[in-house]
Amino acid sequence: MKRLLILTAGAAGFLLGSRAGREPYEQFMRAIGQLKDDPRVQQKAQQGVDFVKEQAPVVAGKATDAARAATDKVTSAVSNGDASSSSVADGHRPTHSTHSGDADDLIEQAVQYQKDHGPKGPLP
């Protein structure tokens with residue numbers, strides 16, 4: 001992977017920094033075309049596509065299971081009013097006590113925390 005990155009950066013530098021005119025660019029593009037059409041490269045690309053197709057259902061299943069577990073945990077914490085078990089990443093806890101049925105307060109606290117600790121300024 002590092003080799004590919006270095007090769008790509010070198011090629012980009014060569015193309016952008018070349019003062020020899022259009023010929024080096026055309027040579028480079030011909031070499032890329034030959035590489036792209038090489039049967040070995042095509043075979044590896046197809047193997048990559050096949051691998052992704054095989055693994056997609058497995059990854060989707062794991063993501064679904066993780067989302068379900070997170071949803072169950074949050075739902076349980078909100079329905080039990082268990083603010084002590086829901087710690088935030090940096091250790092802050094809600095500022096006032098919560099009772100069973102105070103889901104709105106928990107949501108408001110989460111929103112306020114995000115406003116206080118979230119990104120500032122316009123997003124890119």
Side-chain angles (χ1 to χ4, degrees):
M1 191 67 178
K2 285 183 180 180
R3 290 181 192 174
L4 180 61
L5 180 63
I6 291 170
L7 182 64
T8 304
F14 173 76
L15 290 176
L16 295 174
S18 176
R19 296 179 187 248
R22 186 145 177 95
E23 183 60 30
Y25 172 77
E26 290 175 357
Q27 285 177 347
F28 179 76
M29 293 309 290
R30 279 193 299 270
I32 292 296
Q34 290 172 350
L35 181 66
K36 181 185 68 139
D37 295 335
D38 188 324
R40 295 173 295 185
V41 172
Q42 293 293 323
Q43 180 185 14
K44 291 294 183 183
Q46 188 59 45
Q47 286 176 352
V49 168
D50 293 342
F51 178 76
V52 169
K53 284 181 181 178
E54 289 173 9
Q55 296 301 315
V58 174
V59 172
K62 288 182 179 183
T64 302
D65 293 344
R68 245 186 226 118
T71 302
D72 292 344
K73 187 173 183 178
V74 169
T75 303
S76 174
V78 169
S79 66
N80 292 337
D82 186 14
S84 64
S85 69
S86 61
S87 63
V88 182
D90 63 353
H92 287 92
R93 299 207 187 278
T95 56
H96 63 278
S97 65
T98 58
H99 301 290
S100 183
D102 277 340
D104 291 335
D105 287 341
L106 287 172
I107 292 170
E108 183 61 34
Q109 289 174 11
V111 169
Q112 187 59 45
Y113 181 85
Q114 183 62 32
K115 286 180 182 177
D116 293 342
H117 296 88
K120 306 291 189 252
L123 296 176

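We're numbering straight along the sequence, starting at 1. Computed from a predicted model, the values in this text were never measured in an experiment.
Every residue two or more places apart in sequence or in another chain was checked for a salt bridge (charged side-chain N to carboxylate O under 4.0 Å, His left out) with E54, and none qualifies. Every residue was checked against the salt bridge (charged side-chain N to carboxylate O under 4.0 Å, His left out) condition with R3, not counting sequence neighbours, and none meets it. For V49, the side-chain contact (heavy atoms from CB on, under 4.5 Å) partners two or more places apart in sequence, or in a different chain, are Q46, K53. Listed by chain and residue number, nothing satisfies the salt bridge (charged side-chain N to carboxylate O under 4.0 Å, His left out) test with D72 (two or more places apart in sequence, or in another chain). By the side-chain hydrogen bond (donor to acceptor under 3.5 Å, both in side chains) test, Q55 is found to be paired with no residue, residues two or more places apart in sequence or in another chain being considered.
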Please report, to 0.1 Å, the donor-acceptor pairs under 3.5 Å made by any side chain of residues 34-44, with sequence neighbours excluded.
from, atom 1, to, atom 2, distance (Å)
D38, OD1, R40, N, 2.9
D38, OD1, R40, NE, 3.4
D38, OD2, R40, NH2, 2.9
Q42, NE2, K36, O, 2.5

Acceptor/donor pairs from residues 61-71 side chains to any protein atom, 3.5 angstrom cut, sequence neighbours excluded:
from, atom 1, to, atom 2, distance (Å)
T64, OG1, A60, O, 2.8
T71, OG1, A67, O, 2.8

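Residues near V52 contribute nothing to a hydrophobic cluster around it, because no ILVMFWY side-chain heavy atom sits closer than 4.5 Å to its side chain. The hydrophobic cluster containing I107 also includes V111, under a criterion of side-chain heavy atoms closer than 4.5 Å among ILVMFWY residues, counted directly or through chains of members.
The shortest side-chain heavy-atom distance between E23 and E26 falls under the 4.5 Å cut-off.
Note that CZ of R30 and CD of Q27 are 5.5 Å apart. Values are rounded to the nearest 0.5 Å.
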